[in-house]
Amino acid sequence: MTTLAQQFWTMDVPAGLTAVFAALACGVLGSFLVLRKQALMGDAISHAVLPGIVIAFLLTGSRATLPVLVGAAVAGVLTVVLVEALCRLARVEAQASMGVVFSLLFALGVILVRRTADRVDLDPDCVLYGQLETIFWERLTGPVALLDPTVWADAPHQLASTGAIALLSVAAVTILFKELRIAAFDPGLATAQGFRAGVLHYVLMVLVACAVVASFEAVGSILVVAMLVCPAASARLLTDRLSSHVWLSALISAASAAAGYVIAGFGPAAVARLTGWDIAGEALSASGMIAATSGLVLAAAIFLAPSHGVVARAIRRRRLRARIDREDLLASLFRDEEQHRPSDAAVFRAATVRAARRLGQVDFEPGGTRIRLTESGRTEARRLIRAHRLWEGYLVDELGARPDQVHRTATELEHVTDAAMDRELAPPGAERRDQSGKPVPPRDS
Amino acid sequence: MSLTDTSISFPPWSQVFDVLAFRQGYNTSAVVLGTTLLGLAAGTVGVFTLLRRRALMGDVLAHATLPGIALAFLAATALGMEGRSLPVLLLGAAATAVLAAAAVQAVTRHTRLTEDTAMAAALSVFFGVGVVLLMVIARMPVGNQGGLKTFILGQTAAMTGRDTMLIGGLALAAFVVTGLVYKELRLVCFDAGYARARGWPVGALDLLMMALVVTITVVGLQAVGLVLVIALVIIPPTAARFWTSQLGVMLPVSAAIGAISGYLGAAVSALIPRLPTGAIIVLTAGAVFIVSMLAAPHRGLLATALRALALRRRTAEHHVLRALFESRETGAPPSLRELRGIGGAVARLDRRGLLTGRGASMALTARGLSQAAQITRNHRLWEQFLVDYAELAPSHVDFSADRVEHVLTPDLVAELEAAAAARGRLPTPAGAELIPSVHPLRSPDAGGGP
């Protein structure tokens, strides 16, 4: 077995899996944070765990995982409680109370670290960046080794803690899904149905605190925020259903973590080999790269999401404008026909005329610049003029608008009138004429 | 090993005085002056971000400076300049911070994502990119990169006199600009919709506000670090908010809290070794915040708690008075047992001469009788109003009336009287006589309320 393959199993597999587990937990929980407009709570918690870690460290005098995790979890839950208390009791605005609480706790942590630097081998930097690179599973030499139970005893604790929180988050969200859904969208209804939305909020926040705590050691506290928010925000743009939102968010999160880890670990070497540049082909900060990857995914979702993306919305707007222009052209030609006026193609935008010709709704009179409606164009125009004049009649008769002021409104509404609205606007049987006495064209059967 | 053996050697008083009076050498004085100006400007700008409900925007911008610092270092080194030069690094920091602010604004406007989501995403992604870039720099063969990380937690020891001049000057400029656009920012903070309708460039003013926050953030990087500079923008205005509801008062109070925190924090960390300046400044501001939160006269927690206590006491007294009054009407003994926690109320009423006796012989004095009549009347007026106008069943109004009767002002009572008179419920139109209850009064044999 080559050393490279060995390194893959002893270092990359446990570190990559740790990142994926952390991402999974954050992705599942983050979708609720994003929906409840609590996205910044992850940021607050991730800063505020620092004093908890230091104090646990000082009290036990060891870097053992459990006390540090407990200390951090206590600080995390304390953050949530204090933020809520400031909001409710002291009526401080939500963002401000988060800012006050976490910056004070972080400052306390920084001072504790600095004052005890000679005894505490703890770098605030590693809380911020995480140390994915130090995870090492010595006895995992290959997939076969997993079958040996003694190998498991030596699994890195980061892998265990992130795996546990991933399992816990997925289980909690699966079991409490119905309650969380109601609480996310309608806390009042949730309370009326007999479970306390406030308690559920705390359950969610405690889970977030645990996820932040279990993950910060591996991916760093700021980067936990990326995993809590970016995948959930991407999912928010891709789907409207809560259940698919949650699982999509988890999937995107885990995929970003895996991809970010691979890019950080193998990217520099690959670039060096491909380009021949003399750069050090060592791994980059995996946690930073994971955050950057999840940001890239979010940027892609912002632009390319099928119905909520910026591009899709721009295309929809353009199409709508083109249709309205074309319909205005048809209606104008219809009015010209009514008045026996010749129509000049030059007054319309060339693109609009081209589109209408392509649809076979207008054609040019032989050998001239005059355009006229085809039969199918006239049918469409009749529908529009009918809608326009029905709306004018409705606005005057039913809403009491002044007859000389309804034309503009009717011009806007005619483009969005479908057959059902037409039926409601037109009283059965009565043959209508509009305000200036022009006939309302009959409905096409 | 314990927390307590981190002994802090306290400096002599003469040295304390020297530092506070700017007489402890040029460098220390410059740092203290610089952080004071920083606190002043941050306290001023922070008021507007707090009122615009964007308090954490400073946090986002601060984290977003990291890639800018790294990129500026890379660019300057590539051009053969001194990579550690403060103006270059601050320029880079400001550039990516502005980019982050623009990204947040664009995402909020053009997608369905909410502002807090956009903020958290921008914060973490920019910081992640910054971490990667810092690592790239650390791998580069160029030297002199060691100091870049000091921006994350701040290090006043790394500040030179010239740096301090730059920092103080920028902070002062932000302070002055805020003063110049005071009126416009005030309007945007309180009613953005109205401002837009009146033709104010709300988007541009928001950007200007963000630019001011960026300036503060960038200025504060070296003194307090990018994680904690946010505290200077949030804590002073939040503390000031407890003391006043007027912007004109809040601004100077917030600026003063910021300046004092900067001044004291820098002084303390200059006097006592191994105390990080940024954290001390933040904790000083935090102390002011906690005092404000507890002790502020109207919005403070102590004042609020006292008001709540007073209301609870008044409510209990009203309950006792009404129970005694109604027992006179029905002839049954007062059903005081149902009222919990009235022991203190009875004693207080006794002290004020409104009732005499205890237990079965408890009775209202003449003064107590007239007050009890008034209270009972208010209760019944409100019940009558609920029955007549809110169309509640007479058997259901007692509880609701119970919660409102204690906070009825004379104006409201007058309106209730008018409403009752309109329905012919008052015995004489303008009379102050008692009106009958809309539901049967509690009687001992019924055992409970209606």
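On a predicted model such as this, the values are computed, not experimentally measured, just so you know. Each chain gets a letter, A, B and so on, in the order its sequence line appears, and its residues count up from 1.
With a 4.5 angstrom heavy-atom cutoff, A/Val310 touches chain B only via side-chain atoms. Within the 4.5 angstrom heavy-atom criterion, only side-chain atoms of B/Thr238, from C-beta onward, approach chain A. Contact of A/Leu104 with chain B is made through backbone and side chain together, with heavy-atom distances under 4.5 Å. Neither the backbone nor the side chain of B/Val233 comes within contact range of chain A, judged by heavy atoms closer than 4.5 Å. Using a 4.5 Å cut-off between heavy atoms, B/Thr114 touches chain A through its side chain atoms alone. Within the 4.5 angstrom heavy-atom criterion, atoms from both the backbone and the side chain of A/Val34 approach chain B. For chain A, no part of B/Phe126 is nearby; none of its heavy atoms comes within less than 4.5 Å. Heavy-atom distances place no part of B/Leu133 under 4.5 Å from chain A, backbone and side chain included. In this structure, the portions of A/Leu108 lying under 4.5 Å from any heavy atom of chain B include both its backbone and its side chain. At a 4.5 Å heavy-atom cutoff, the contact between B/Asp59 and chain A is made by side-chain atoms alone. Both the backbone and the side chain of B/Arg53 come within contact range of chain A, judged by heavy atoms closer than 4.5 Å.
With rounding to the nearest 0.5 Å, the separation of CG in A/Leu40 from OG1 in B/Thr117 is 8.0 Å. Note that the CG atom of B/Leu301 and the CG atom of A/Leu86 stand 8.0 Å from one another [nearest 0.5 Å].
In terms of heavy-atom proximity, A/Ile111 sits nearest to B/Ala279 at CG1-CB, 3.4 Å. Across all their heavy atoms, A/Ala96 and B/Ile234 have their closest contact at O-CG2, 3.6 Å. Closest non-hydrogen pair, B/Ala121 versus A/Val229, comes out as N-CG1, 3.7 Å. When every heavy atom of B/Val125 is checked against every heavy atom of A/Cys230, the shortest pair comes out as CG2-SG, 3.5 Å. Closest approach of A/Leu237 to B/Leu113, counting heavy atoms only: CD1-CD1, 4.0 Å. Of all the heavy atoms in A/Ser103 and B/Ile235, the pair that sits closest is OG-CD1, 3.8 Å.
Contact check for B/Phe242 versus A/Val92: side-chain heavy atoms found under the 4.5 Å cut-off. Contact of the A/Glu93 side chain with the B/Arg241 side chain is not registered, since no non-hydrogen atoms from C-beta on lie closer than 4.5 Å.
B/Phe48 meets the ring-ring contact (aromatic ring centres under 6.0 Å, His included) test with no other residue; sequence neighbours excluded. For the salt bridge (charged side-chain N to carboxylate O under 4.0 Å, His left out) test, no residue two or more places apart in sequence or in another chain qualifies with A/Arg91.
A salt bridge links B/Arg112 with A/Asp240: the distance from a Lys NZ or Arg NE/NH1/NH2 to an Asp or Glu carboxylate oxygen falls below 4.0 Å.
In terms of heavy-atom pairs under 4.5 Å with chain A, the best-connected choice from B/Arg54, B/Glu115, B/Met57 is B/Arg54. Contacts with chain A were tallied for B/Thr111, B/Thr304, B/Thr49, B/Val60; B/Thr111 has the most, counting heavy-atom pairs under 4.5 Å. When A/Met289, A/Gln38, A/Arg313, A/Met98 are compared by the number of non-hydrogen pairs under 4.5 Å with chain B, A/Arg313 comes out ahead.
Here the two rings, on A/His47 and B/His63, have centers that are under 6.0 Å apart.
Within a 6.0 Å radius of CZ in A/Arg88, no more than 12 heavy atoms belonging to other residues, nucleotides or ligands are found.
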